[in-house]
Amino acid sequence: MRYLILTDIHANLEALDACLDDARARRFDATLVLGDLVGYGPDPNAVIERVQSLKPIAIVRGNHDKVACGLEQAEGFNAVAKSAAHWTFEVMTPEYRDWLAALPEGPHEVDDLVEICHGSPFDEDAYIFDELDAVRALKVSGRPLCLFGHTHYPVTFQLSAEALDSFGPSGAAESHVRMQPGVKYLINPGSVGQPRDGDPRAAYAIVDVDRRCVELLRLKYPVEETQAKVIAAGLPEVLAQRLAVGR
Ligand code: ZN
């Protein structure tokens, strides 16, 4: 079984399509989605349509999904995120708003190996940045591999009886985490549609359950096309600029 892992797509259709083309060439059997399908980007309806067509076997909501569909207020959002959330609410079809509003809260245990969440397994909206957050998450997680998103920053934490280790983005187009027995893993594959690690390439992952291997992938997509759509939609210009620098 090979799972395609998508998180923080943020209505970026060009980045999503690039990931899907790449993933199809590598083959996958089922899709897991870790939330924030919309918000910031110019294509909320098309992105939801694409995700629905993948028939994910597990999906959890993100904080932007909750605000964009009207389930929660934009408290805690900065001015740019707030304005993008309002724009998204206006352009989304009522059917897609309802569909987003019905997405379940994480965490969700997918099988004996994998659990998914948006922010963390102890709070769907909490950010995992440092090792303190990671240890708390690893202790709460009920599976050997917990996949998360929300920070848009690719990172692997691994906890053995001896130590906690962490590995940031390698810069490689492809890197593999081979899971060892007795070690717990907490992995953020990075954001499909709005990377924030200084690398503008789209990020996603494939989990090979039988080989117990997580394939972390980065790939270029036509950023200029997405930027032009952001501007044409009247979304804040900074949302176009940040895509080119991955911040
Ligand atoms: Zn996000």
Side-chain angles (χ1 to χ4, degrees), residues 1-62 64-65 100 103 110 114 116-118 145 147-156 169-177 187-209 213-230 239-240 242-247:
M1 173 65 87
R2 284 167 64 79
Y3 294 135
L4 166 63
I5 315 298
L6 301 170
T7 187
D8 298 282
I9 303 165
H10 284 291
N12 185 334
L13 187 64
E14 289 71 33
L16 176 60
D17 279 345
C19 292
L20 295 181
D21 284 348
D22 191 67
R24 284 189 185 110
R26 294 171 187 276
R27 292 182 300 104
F28 63 94
D29 305 299
T31 304
L32 314 180
V33 182
L34 281 52
D36 277 3
L37 285 75
V38 303
Y40 296 132
D43 277 312
N45 291 313
V47 161
I48 292 176
E49 187 189 359
R50 281 285 194 289
V51 169
Q52 287 183 345
S53 74
L54 293 167
K55 299 188 169 51
I57 59 160
I59 180 167
V60 294
R61 65 190 186 182
H64 284 263
D65 301 323
L100 273 188
L103 289 182
V110 179
V114 182
I116 62 169
C117 60
H118 182 63
L145 173 60
L147 297 163
F148 72 105
H150 198 31
T151 60
H152 300 206
Y153 191 90
V155 65
T156 297
S170 69
E174 175 168 0
S175 54
H176 290 190
V177 178
I187 297 180
N188 186 336
S191 166
V192 171
Q194 196 197 74
R196 292 183 193 159
D197 60 334
D199 182 344
R201 292 176 298 173
Y204 80 100
I206 291 177
V207 174
D208 193 307
V209 174
C213 182
V214 184
E215 303 168 13
L216 299 168
L217 303 154
R218 297 300 287 262
L219 71 160
K220 285 194 177 151
Y221 70 94
V223 174
E224 311 74 33
E225 277 180 43
T226 315
Q227 289 180 304
K229 287 184 181 176
V230 168
L239 292 173
R242 68 187 303 176
L243 291 177
V245 287
R247 291 280 178 210

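Along the sequence shown, residues are numbered consecutively beginning with 1. In this text, all values refer to a predicted model and were calculated from it rather than measured experimentally. Computation of the quantities below employed the complete heavy-atom set of this structure, encompassing side-chain atoms and omitting hydrogens, waters and symmetry-equivalent molecules.
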My understanding is that only residues two or more places apart in sequence, or in another chain, count here; which of them pass salt bridge (Lys or Arg N to Asp or Glu O under 4.0 Å) with Glu225?
none
Closest non-hydrogen atoms of Asp8 and Ser191, given as atom of the first, atom of the second and distance, are O-OG, 2.7 Å
Residue list, side chain to side chain contact (heavy atoms under 4.5 Å, CB included) with Val223, at least two apart or on another chain
Tyr221, Gln227, Leu243
For Tyr40, enumerate each residue passing the ring-ring contact (aromatic ring centres under 6.0 Å, His included) test, keeping only those at least two apart in sequence or located in another chain.
His10, His64
Qualifying residues under side-chain hydrogen bond (donor to acceptor under 3.5 Å, both in side chains), relative to Thr31, sequence neighbours excluded:
none
Tell me which pairs pass salt bridge (charged side-chain N to carboxylate O under 4.0 Å, His left out) where either residue lies in residues 37-48, with sequence neighbours left out.
Asp43-Lys229
Write out all pairs satisfying salt bridge (charged side-chain N to carboxylate O under 4.0 Å, His left out) with one or both partners inside residues 46-62, taking only residues at least two apart or from two chains.
Asp17-Arg50, Arg61-Glu105, Arg61-Glu124
Would you say the side chain of Leu13 lies within less than 4.5 Å of the side chain of Thr226, judging by non-hydrogen atoms?
no
Student check: side-chain heavy atoms of Leu20 and Leu4 closer than 4.5 Å:
yes
Are any of the side-chain heavy atoms of Val214 and Thr156 separated by less than 4.5 Å?
no
Determine, for Arg2 against Asp208, whether the closest basic-nitrogen to carboxylate-oxygen distance falls under 4.0 angstrom.
yes
Within-4.5 Å side-chain heavy-atom neighbours: Val33 and Leu103
no
For Arg247, give me all partners under side chain to side chain contact (heavy atoms under 4.5 Å, CB included), at least two apart in sequence or on another chain.
Val245
Looking only at non-hydrogen atoms, find the nearest pair between Pro195 and Pro200 and report the distance.
CG-O, 3.8 Å
Apply side-chain hydrogen bond (donor to acceptor under 3.5 Å, both in side chains) to Asp22 and list each qualifying residue two or more places apart in sequence or on a separate chain.
Arg26, Tyr204
Apply side-chain hydrogen bond (donor to acceptor under 3.5 Å, both in side chains) to Arg201 and list each qualifying residue two or more places apart in sequence or on a separate chain.
Asp199
Leu216 and Pro189: which non-hydrogen atoms are nearest, and at how many Å?
CD2-CA, 4.0 Å
What heavy-atom pair brings Val192 and Cys19 nearest, and what distance separates the two atoms?
CG1-SG, 4.0 Å
For Ala30, which residues count as a side chain to side chain contact (heavy atoms under 4.5 Å, CB included) partner, sequence neighbours excluded?
Met1, Tyr3, Ile57
